[in-house]
Structures are given as C-alpha cells and as structure tokens.
Amino acid sequence: MSDIEKMKELVAALNHAAQVYYQGQDEIMTNFEYDKRYDELCALEKKTGIVMANSPTINVGYETLSELPKEAHVAPMLSLGKTKDVEELAEWLGERKGLLSLKLDGLSVILTYQEGVLVKALTRGNGEIGEVITNNAKTFKNIPSKIRYDGELIIRGEALIRYSDFEVLNRSFTDIQEKYKNPRNLCSGTVRQLNNKITAERNVHFYAYNRIETDGEESTFKSKEEILHFLEDLGFDVVPYKVVTAENIREAVAGFSDEITGGMDLPSDGLVLTYDDIDYSRSLGRTAKFPRDSIAFKWQDELAETELLEMEWSASRTGLINPVAIFEPVELEGTTVSRASVHNISILKELKLGIGDHITVYKANMIIPQIQENLTGSGDLPIPDQCPVCHQKTERVQENGSEFLFCMNPECYAKKIKGFTHFVSRDALNIEGLSEATLEKFIARGWLQDLSDIFSLEQYKEEIETMEGFGERSFQNLIEAIDAAKAVSLERVVYALGIKGFGLSMAKLVCHTYPMALTEFYCLTEEQLTAIDGIGEKLARSFVDYFSQEANKDLLQKLEKILTISVPEKSSPSGSLEGKTFVITGSLEHFSNRSECKERIEQSGGKVSGSVSKNTDYLVNNDSSSSSSKNKKAKELGIPIITEQELLQLL
C-alpha cells in the first residue's frame, strides 16, 4: 500500500471514530489507538507533504455565504467537438498515441494551489468567468488541501457524486423521487451551495484530468499521461483512462462501454480522446469554441419516431401522480417500446405534449425509454384536477424548481393498493400469488383494511376459491406462501412498511446499527438516526414520523404478534474488509444480484467501485479466464481475481 493510500485509510478510520465518539455512542477506538493512528497520519503528511482536505489534522470551518462571487479564469475553459462515430476517432488520432478517458458527468472545477496550499476553486461557469466555490471544494472527500509543490499549480477536473451516494442522498431529501433526476443535477446544486456544511454531507468527489499552464510557463512534461501520474503522486484521484492508438481504440471504446453498462459507479456521458504529446497538442491551437487536440465521443442513441396515443396518470402510494406517455410501439435497442415516463408536469410542459403529436423516443443509457423531442408541439394536453383513482382534488406542488401533481386524499384507493403491493413484493415479505390485480380485488371486497389482514385471508376460503383465476389448489398455494412469509428478517419488515425514503439498503443500515424488536423503534430519535453515516435529517424525520403515528403503532403490534422476526447482529464499524476496494463483474451464483453482493461487502467495511484501477484490491469474477476488459485490466495491474466462494471466505 502506498503512502497516499495509507493516509486515506487513516483519515477515514480516524474521522469515523471521532464521529461516533462525539455523538455519544460506544467508542470504537481507544484513546491510545486513536493517538497512535493520528501520529502515524501526521508522520505520513510530513513525509509526503500532502494533507487531504478531510484530514483530522486540520479543521475545515463551515461558513454560510450570501452569494457566490465570480472570477475570470486564467485560461478559457473551452467545450469539446463531438462525434458518435468510433471510426472518426481512429481517423482523428491517425498515427499518434492518445489518451482515451471517461467523460465524467459532473461539474467542471478548477483548483488553484499556491505554495502547496489550496487557495481557490472555480466552477467552469461560461468558460470565461466561473463562480468561486473554495469553501465547498475544501469539503470534497478526496482532494488534498495541502500538497508537496512549490509555486502555483492549477488543476482542472470534474466534481461528481457517485451513483451509490446519489441513491442514498436522493432518498433522504423528499418522498418525491424525481427531485433530482441524476447525479449531475444533484452535484451541480451541491457544489454551488452557499453553506458548505451541506456540501460536506453529500460526498462530492473530484477527479483530476489536466494541469493548466499559465502564460509564459515552461512545461516540464512531454506527455499528458505524465501529468496524470504527477497528479496521482500528489494525492489526486485522476479520471479513468486508457492509452490508445488507431489500432486498438475500437477495443478501448468497447471496454469502456462494457464497464458503463456493467454498473460503473462513476456517472459518465461519453469519452474524451486527446493527443498524448503535449508539444504537438500545443502546436494545433484552438478554434473560437474548441481546442484542436481533444474530441468528445458521445454514445450513439437509437432514435425512433412515433405518435403519442394517450397520457396515463399513474398514482403511487405516496400520492405522487406520474404522467406516463403511451405511444405507438417502436423497436429500440432490440426491444419493443410503447411507453415512457414523463416524470413531472414541468417536463410535460417543456415538451408541449398533446395527443396525436409526433415524437422521437430513445433509451437513455441504452436502458430507460425517454421522449427526446416533440415534432408537433401542440401543447394542449390537460392536467387532471382529480385523482384518476379516488377522484378527489389534486394539487400541484413545486419542488426544487419542478412542478409535480399530488393526490392529497389520505384514504386514496391507489395509496392502499400500492402499499399492499409493496408489502408483499420480493424484497419485502415476498408472498407469491398476491399480485396487484389480486390485491385490488381483495381490497374492493373489504377483506384488507391494514397490512396485517393479509395473514387472515384464510377465513375467506370459500369466497376466494370461487373467484376467477382461483380454485382449491391455488388458494392452498396462497395460504402456504403467506405462512412461509411469517418467518422474516427485521430489515425486510422495515422495508415492507413503505416508510418514505427507506429502500432495502437503508432499512438494513438502520436494523444492523440498532438491532431491536420492531416496536422498540418507537424510541429511536432523529439524533440517533442521523448518527448513521448516509442518513440525513429528512430521512430520519420520515422514520420517526412513521413510528410516532398511533395507527402505525397498532399495525406494528399486530405484526409483531403474527411474524417471527429475526433480528440481525449489531454491525461492527470496522469489518473484515475494512479499507479494501472491490470491483464486481460477470454472472453471480451465490448472490442474487450485484446489489446484494455490494451490500455484503460494504457491511464488512469494504468499498465497491465500478471500474478496475490501481486502487482496486480485488476483482470478483467467477470466470477468471474471461477476456473481458476488467479481467485484462486486473491482470495488467496484478490485481487478484477472486471467485464468489473466495469472497465469502474473506467475508
């Protein structure tokens, strides 16, 4: 392990120990051990001349500003020319060597260090003038606040929020899941916060990709790869990249594509190709808009033109009513597509949608159907003033600059159906035979008033057996499935309750931190919940509000009598995989999916990344002989490739 990697490990461990201590929980590190590690960190900082921004040896003060000041860049921050043709990349590169890197989808940030100290951070802004975000940058999770460098050093990179952090953060803000559609939107708002305490809580990371030379400065580097190695040596994480030529660039593009579709944690919207030779790059100059030494590659979206047939308004268990466009079926990326979410009223208005309009559709990231453009733009689609389910009045709600439609009726039939459907879903109680359509019939007959009534359906044996689609055997299968679901883990029950913002991973986090009987959760406070890394104030408030309502207390008491709930062991803040970074690829046999595998690793103190780098400790792949790009990279770097069975042994 390098000195820099060891420093990052020590910073994480010391910060976690301090957080637990000052929140009044049982200490996880003795004073002697803390002082020993602190002294070790100080020695490494002195040896390397590098101090990470979140190091406990320095204090970053939180400050609230009235506005972000603006300042001109030392050199224009230009955009890049673009192509979607791999052959054009090969032709553009010609006989020269290039660097092909991820085009990270965050916010461009320029850092200035003077005499080794971070003194300024600017956003890209309009390319000529950016906003000063120095206080916020000092809270980024992975940048040094002090480096081993004399004079002035200006670094350009991308600030971003990783997908794994985005999912946790987005759930904690509000029950409107669409508040932030993607990590880039969240990062943009986070980096530009006036209160840098908010930025500090949102796990912003910075990936460097270039050093900016000031006028008259003589470069000591001959290649751009040398610059990236230089920045790594100073303690920066750099953008993932591959060295390419015209001969291997097609394979390199395909490799990055595999990593992205394989669940990479870094948000990316394409690739960047640049000449490696600095002198040659400088000789090319630039146009008014673009540098001539770099070009962006955008993933090709397959577009199809179709006709909008209707707008379906879909009510959820939270009351949010989502517009869903129904259109003439088209073929996209090998599948037939006929519907796409429009997300909210604001987007619907922007697209100026109307029934019969001709629209173009595509699959975002080759997965999610989206409307790209409305070719007609009639704009005459009415917004319903009544809930499509209970027919009570709807309300339009403004959230973060977007407009949403809500049903405000607490007894809305849709809320009840969706709540029951969630309760019996695979990751919750996992009761087979209770589809949404079946639940709807049971609710309509008055058999299901609250969630506990599912376990009393046997009393309606005769009625159910005579229903369409049922018979004696199917009824018996249903009752057996319900009985089997009574033995369940605590985290699945908490997830099944449908608490606003609490997915399965959040439920596991709470249950492993505070393993207790279901009804004992009444006593948990917001302060205890926010002490858990990853749970913010809004999410904590949502949890406490749910367990404080009398109707919910009655339900939980019923469930506790019916269910046999297994309580997990209290999680240890440092596990067997503490400080280790894993990448998961290929098909899995023991774990049901990558998310489950990732959660197990994280519960044991490890981290999971989406791409193989020199910081990776293990690549998990049951097929070590695979010719995948991740296997090749791991072998090049000497990173062990382990099977699931070997991972389980580590766990």
Side-chain angles (χ1 to χ4, degrees), residues 12-13 15-29 164-165 167-169 171-172 201 203 425-430 487-544 546-547 556 559-560 563-582 584 590-608 647-651:
N15 283 344
H16 183 59
Q19 180 189 39
V20 171
Y21 176 80
Y22 287 116
Q23 287 166 346
Q25 302 177 45
D26 293 336
E27 66 178 36
I28 61 172
M29 191 183 295
S164 54
D165 293 321
E167 291 167 4
V168 173
L169 286 163
R171 283 194 295 266
S172 70
E201 294 170 348
N203 289 343
S425 63
R426 185 181 64 180
D427 288 337
L429 270 290
N430 192 22
V488 63
S489 63
L490 179 64
E491 54 262 42
R492 281 179 174 264
V493 179
V494 172
Y495 169 67
L497 297 175
I499 303 169
K500 293 178 181 178
F502 272 79
L504 183 58
S505 60
M506 282 292 99
K508 287 181 178 180
L509 200 56
V510 172
C511 295
H512 283 264
T513 306
Y514 299 111
M516 56 181 67
L518 187 62
T519 51
E520 290 179 356
F521 281 132
Y522 302 158
C523 303
L524 276 186
T525 65
E526 289 184 30
E527 290 73 20
Q528 287 174 304
L529 289 162
T530 53
I532 303 173
D533 187 23
I535 295 185
E537 293 179 3
K538 289 186 179 179
L539 202 57
R541 191 176 306 122
S542 173
F543 192 93
V544 171
Y546 181 91
F547 283 94
L556 297 174
L559 290 177
E560 205 161 53
L563 303 175
T564 302
I565 303 174
S566 58
V567 179
E569 293 183 6
K570 186 177 179 65
S571 61
S572 171
S574 60
S576 58
L577 306 184
E578 185 72 27
K580 301 296 183 185
T581 299
F582 293 76
I584 307 166
H590 176 82
F591 299 99
S592 59
N593 51 46
R594 289 184 187 178
S595 295
E596 182 186 350
C597 183
K598 177 182 176 183
E599 286 175 4
R600 283 291 304 278
I601 290 171
E602 291 176 342
Q603 287 169 9
S604 293
K607 296 180 181 179
V608 176
L647 172 62
L648 290 170
Q649 292 172 1
L650 290 175
L651 288 166

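Along the sequence shown, the residues carry numbers beginning at 1. The figures here come from the full heavy-atom set of this structure, side chains too, leaving out hydrogens, waters and symmetry mates.
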*List the atom of Pro568, the atom of Pro515, and the distance in Å for their closest heavy-atom pair.*
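That closest heavy-atom pairing would be O-CB, 3.1 Å.
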*asked:* Testing the basics here: between Phe502 and Val510, what is the closest heavy-atom pair and its distance to 0.1 Å?
replied: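 Heavy atoms only, the tightest pair is CE2-CG2, 3.7 Å.
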From [atom1] ([X]) to [atom2] ([Y]), nearest 0.5 Å:
X      : Y      : atom1 : atom2 : answer
Ile601 : Leu647 : CD1   : CG    : 5.0 Å
Lys580 : Leu650 : NZ    : CG    : 9.0 Å
Leu509 : Tyr514 : CG    : OH    : 10.0 Å

List for me each residue that meets side chain to side chain contact (heavy atoms under 4.5 Å, CB included) alongside [X], sequence neighbours excluded, and say none if there are none.
X      : value
Val488 : Leu429, Arg492, Val493, Leu563, Ile565
Ser566 : Ser489
Ala540 : Glu526, Leu529, Thr530, Ile535

Run the side-chain hydrogen bond (donor to acceptor under 3.5 Å, both in side chains) test against [X] and tell me which residues pass, sequence neighbours left out.
X      : value
Thr581 : none
Lys598 : none
Glu520 : none
Glu201 : Lys197

*List for me each residue that meets ring-ring contact (aromatic ring centres under 6.0 Å, His included) alongside Phe547, sequence neighbours excluded, and say none if there are none.*
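Here the qualifying residues are Phe521, Phe543.
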*Is a side-chain donor or acceptor of Glu560 paired with a backbone partner of Thr519 at a separation under 3.5 angstrom?*
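Pair found, side chain donor or acceptor close to backbone of Thr519.
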*Between Val567 and Leu518, is any pair of side-chain heavy atoms under 4.5 Å apart?*
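When only atoms from C-beta onward are counted, Leu518 and Val567 do not touch, as no gap falls below 4.5 Å.
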*Positive for side-chain contact (heavy atoms from CB on, under 4.5 Å) with Ser542, one of Lys500, Met506, Glu537*: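 Filter result, single survivor: Lys500.
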